[in-house]
Number of protein chains: 2
Amino acid sequence: MTTHASHLRTDISGNTEDVVNRRSHEPAYEQICNLLREKISKGIYLPGSRLPSESELRRIHKVSPMTVRRAIQLLLDQGIVTTVQGSGTFVKAPDLGGATFSLNEFYDIFKDQDRAKVKLLEARTLKADADTAARLQLSEGQRVLLLRRLLLKDGDPVIFHKEYLIYDPFRPVIETELEVTTLYGLFERNGQTCLKRGNLTLEAMVLNPEEAGLLNTMPLQPAFRIEHLFYDFDETPISWGQFICRGDKLRFKTMVGFDLSR
Amino acid sequence: MTTHASHLRTDISGNTEDVVNRRSHEPAYEQICNLLREKISKGIYLPGSRLPSESELRRIHKVSPMTVRRAIQLLLDQGIVTTVQGSGTFVKAPDLGGATFSLNEFYDIFKDQDRAKVKLLEARTLKADADTAARLQLSEGQRVLLLRRLLLKDGDPVIFHKEYLIYDPFRPVIETELEVTTLYGLFERNGQTCLKRGNLTLEAMVLNPEEAGLLNTMPLQPAFRIEHLFYDFDETPISWGQFICRGDKLRFKTMVGFDLSR
DNA sequence: AAGTGGTCTAGACCACTAT
DNA sequence: TAGTGGTCTAGACCACTTT
């Protein structure tokens, strides 16, 4: 029972007090969270072991229950601990499954509008084939709008985008649609957000000669394929397509385990 | 000012009351969160627009301030809204950058130990080359342990794993190390967690003849490459290596935007 | 000045787990 | 039964934005 308290007292880092610093602009719950995370990262609280109970933490740091709970909520959000009602709060072991790759790395490529330019290769209507019709919930043969774009970064082609859009002759989005030269506003057609959600899948692929030609590289080079299917607020499919991104231009990075810097 | 209130009153779904259901086992903050999310997903609160203020929500749902704050905290965690102090809570527009791919799909492949088997191809010590030494913070020529494993799912090879481990003759982890036949306990060497954190990078690649042979497929097929660098609690690099996963066996899925089901 | 979100208190009661 | 985490209250004060 006094184990935790002695841990706290024998903490080497004399610079961090256990009683929260009220003068600091850092909120109390954040201070407590960081203190606990530091101890976990140092191995003072090992994976699988129990953290001091909320009432103990309350006494140690001289704060109210809600403040302690917020600190622990933060640790929960960060995937560092798990709580078991009636039992305690336990340090999680890091696991590979918890890692996530953010599309930010991909998105960043065409986010800065100075260096990235979009070239429209093709824009025409055609009759939907079986695949496209199924994806967009149309009947085969209905007309869809095909867009093919190339995204250039510093003049080099990096991403090839092919997209089939619902074609509604009564809603002439087409003209403004073609003006999309940044891909930045993919969710902001006609000036306002009309897309509600989308499904994305990420695959590894090998470039065929046509794709390689477009992307100014050699065939048989590796690439990422990101397929998308966007829906509007009526749950109607609006757009189906894919981004093909040169493998040598994109790399997803992430961390697993305890990250002190966060 | 009364706009939001009228929105609430004109809500079509008569089944959901605005006053929280105290009899329900679903916590009040979750009910409020879901109610708001439903309205956002229906387009009643459009991206960019302001949600009712916390005091309004407090009056509407007849709850205390903390309860409303928790509901909004949930929406924040889910990336659905942003808050601006002194101004309000606003519906976020969905953006591609917010999407994340979980490594769960990858991890799942060798998680169920019935269908997945690990075959140890090679285990030997060798002198570290420049790359390996740099990664593991050793000097070139120091001995490291090389492990090469093949992961089979239902008898088919799916993932090839090559790993360089710090070789410490005084700590004979080697024997138990070789017993790792599931990759499940990658973080649990010697029965207890000794790895603290790891860096991962995901790349697209094309299989060379050797890799294709190991993975029982054809050369020039697409694949994912996941490079890893694991550290222990001393911040010492312990393991550097890569997983090569057949592209046709792995596909990352995710969603972007408003997901009601979550 | 009025309204908004952000932090925090000092309790209460409940559900669950250990013993 | 005692201890744990989970929910919730009814306020307080602060920092900030809007008007």
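Residue numbers start from 1 in every chain, and the chains themselves are labelled A, B, ... in the order their sequence lines are given, proteins ahead of strands.
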What are the atom names and distances for every N/O pair under 3.5 Å that joins the protein to nucleotides 9-12 of chain C?
| residue | atom | partner | partner atom | Å |
| --- | --- | --- | --- | --- |
| C:dT9 | OP1 | A:Arg22 | NH2 | 3.0 |
| C:dT9 | OP2 | A:Ser64 | N | 2.9 |
| C:dT9 | OP2 | A:Ser64 | OG | 2.8 |
| C:dT9 | OP2 | A:Thr67 | OG1 | 2.6 |

List every contact pair, protein side and nucleotides 17-19 of chain C side both N or O, where the distance is under 3.5 Å.
| residue | atom | partner | partner atom | Å |
| --- | --- | --- | --- | --- |
| C:dT17 | O4' | A:Gly86 | O | 3.3 |

Over how many whole Å does the gap from [X] atom [atom1] to [N] atom [atom2] extend?
| X | N | atom1 | atom2 | value |
| --- | --- | --- | --- | --- |
| B:Arg59 | C:dT4 | CZ | C1' | 12 Å |
| A:Glu26 | C:dG6 | CD | C1' | 15 Å |
| B:Tyr29 | D:dG6 | OH | C1' | 7 Å |
| B:Arg70 | C:dC8 | CZ | C1' | 15 Å |
| B:Ile72 | C:dT4 | CD1 | C1' | 11 Å |

Among residues at least two apart in sequence or on other chains, which ones pass side-chain contact (heavy atoms from CB on, under 4.5 Å) with A:Arg70?
A:Tyr29
May I ask you to decide if B:Asn21's main-chain N or O and B:Gln31's side chain share a donor-acceptor pair within less than 3.5 Å?
yes
Evaluate the criterion ring-ring contact (aromatic ring centres under 6.0 Å, His included) for residue pair B:Phe252 and B:Phe224; output intermediate values, then yes/no.
CA-CA 11 Å; B:Phe252 296 97; B:Phe224 284 108; 5.2 Å; yes
C:dG5 phosphate, OP1 or OP2: any side-chain N/O from B:Arg69 under 4.0 angstrom?
no
Which one, D:dT4, C:dT4, C:dC8, comes nearest to the side chain of B:Glu56?
C:dT4
